[in-house]
Amino acid sequence: QLQASGGGLVQAGGSLRLSCAPSGGFFSRNYMGWFRQAPGKEREFVTTISMSGGGTYYTDSVKGQFTISRDNAKNTVYLQMNSLKPEDSAVYYCAASRYTTIPRQRREYDYWGQGTQVTVSS
C-alpha cells in the first residue's frame, strides 16, 4: 500500500510538500503520480513522474506551481506545492502505474494511497 503524507491547512500563497512511499515491502512501478479530488468533483490528474528516467508531466493548471520529484533509493515521490490557492484544496492521492507511456487517466493507475487532505484558506 502507498502512504501519502504532508497535507494540512495553509494560507493562500503558502507551500506544502506531500510525500508518498510504499508502506512495506518491495514496490516497483514505472510511474508514480498524484491526483486530487475536491468535494463534489471528480478525481483529477495532477502530475506524474517516470521512476526510471525522471520525466514529468503536469496538468496545465499546476504547471509552474507544483513540482513532482522522486527519490529512488527511498522509493518515494514528492509533490512540492507553492503559491497555493483556495481552489487547490482537495484530498490528494498518490498512485502508481505499470504503464510504459505517460499515464494520465485514473484507470491507468493500479495502486493507490489513502489520500491526504490539503486545505488552503483565503
Colleague: Is the shortest side-chain heavy-atom distance between Ile68 and Val46 below 4.5 Å?
Modeller: no
Colleague: Quick one: pull up SG in Cys94 and CD in Gln3 and give me the separation to the nearest 0.5 Å.
Modeller: 8.5 Å
Colleague: Are side-chain heavy atoms of Val62 and Arg36 found at a separation under 4.5 Å?
Modeller: yes
Colleague: When you measure from the side chain of Gln114 to the backbone N and O of Ala4, does any donor-acceptor pair fall under 3.5 Å?
Modeller: yes
Colleague: Would you say Val91 ends up clustered with Phe35 if hydrophobic residues are merged whenever their side chains have heavy atoms under 4.5 Å apart, either directly or through other cluster members?
Modeller: yes
Colleague: Taking atom NZ of Lys74 as the centre, report whether more than 12 heavy atoms of other residues, nucleotides or ligands fall under 6.0 Å from it.
Modeller: no
Colleague: Find out whether Met51 and Asn75 are in side-chain contact, i.e. whether some heavy atom of one side chain is under 4.5 Å from a heavy atom of the other.
Modeller: yes
Colleague: Do Ser97 and Arg29 touch side chain to side chain, with heavy atoms closer than 4.5 Å?
Modeller: no
Colleague: Kindly give the heavy-atom pair with the smallest separation between Leu9 and Ser121, and that separation in Å.
Modeller: CD1-CB, 4.3 Å
Colleague: To the closest 0.5 Å, what do you measure between OG (Ser122) and CD (Gln11)?
Modeller: 9.5 Å
Colleague: Heavy atoms only: give me the nearest Met32-Ala96 pair and the separation to one decimal.
Modeller: CG-CB, 4.1 Å
Colleague: If you define the side chain from C-beta out and look only at heavy atoms, does anything of Ser15 sit under 4.5 Å from Gln80?
Modeller: yes
Colleague: Under 6.0 Å from the OH atom of Tyr111, do we count more than 12 heavy atoms belonging to anything else shown?
Modeller: no
Colleague: Do Val10 and Tyr92 sit in the same hydrophobic cluster, where Ile, Leu, Val, Met, Phe, Trp and Tyr count as joined when their side-chain heavy atoms come under 4.5 Å apart?
Modeller: yes
Colleague: Let me check something: do Tyr93 and Tyr58 share a hydrophobic cluster, defined by ILVMFWY side-chain heavy atoms less than 4.5 Å apart, either directly or through other members?
Modeller: no
Colleague: What's the verdict on side-chain contact (heavy atoms from CB on, under 4.5 Å) for Thr116 and Leu18, showing C-alpha distance, side-chain angles and the deciding distance?
Modeller: CA-CA 8 Å; Thr116 184; Leu18 307 183; 4.0 Å; yes
Colleague: In plain terms, say whether Lys63 and Asp60 are close enough for a salt bridge, that is, a side-chain N and a carboxylate O under 4.0 Å apart.
Modeller: yes
Colleague: Do you know the tightest heavy-atom contact between Thr76 and Ala21?
Modeller: OG1-CB, 3.4 Å
Colleague: State plainly whether one hydrophobic cluster holds both Val77 and Leu79, where clusters connect Ile, Leu, Val, Met, Phe, Trp and Tyr through side-chain heavy atoms under 4.5 angstrom apart.
Modeller: yes
Colleague: Determine, using ring centers only, whether Tyr109 and Tyr31 are less than 6.0 Å apart.
Modeller: no
Colleague: Roughly how far, to the nearest 0.5 Å, is CH2 of Trp112 from SG of Cys20?
Modeller: 10.5 Å
Colleague: Trp34 and Phe45: aromatic ring centres closer than 6.0 Å?
Modeller: no
Colleague: Without swapping roles, check the side chain of Asn30 against the backbone of Arg98 for a donor-acceptor pair under 3.5 Å.
Modeller: yes
Colleague: Test side-chain contact (heavy atoms from CB on, under 4.5 Å) on Ile102 and Glu108; report intermediate values, then the result.
Modeller: CA-CA 9 Å; Ile102 299 171; Glu108 295 170 334; over 6 Å; no
Colleague: If you round to the nearest 0.5 Å, how far is CD of Gln117 from OG of Ser89?
Modeller: 7.5 Å
Colleague: Quick check for you: to the nearest 0.5 Å, what is the distance between Phe66 atom CZ and Asn82 atom CG?
Modeller: 8.5 Å
Colleague: Determine whether Leu2 and Ser23 make a side-chain contact, defined as any pair of heavy atoms from C-beta on separated by less than 4.5 Å.
Modeller: no
Colleague: If we ignore hydrogens and angles and just use 3.5 Å, is the side chain of Arg104 paired with the main-chain N or O of Thr48 as donor and acceptor?
Modeller: no
Colleague: Within a strict 4.5 Å, meaning less than it, do heavy atoms of the Arg17 and Met81 side chains meet?
Modeller: no
Colleague: Using a 4.5 Å cut-off on heavy atoms from C-beta on, say whether the side chain of Glu44 contacts that of Thr59.
Modeller: no
Colleague: State yes or no: do Tyr78 and Tyr57 share one hydrophobic cluster built from I, L, V, M, F, W and Y residues joined by side-chain heavy-atom distances below 4.5 Å, directly or via other members?
Modeller: no
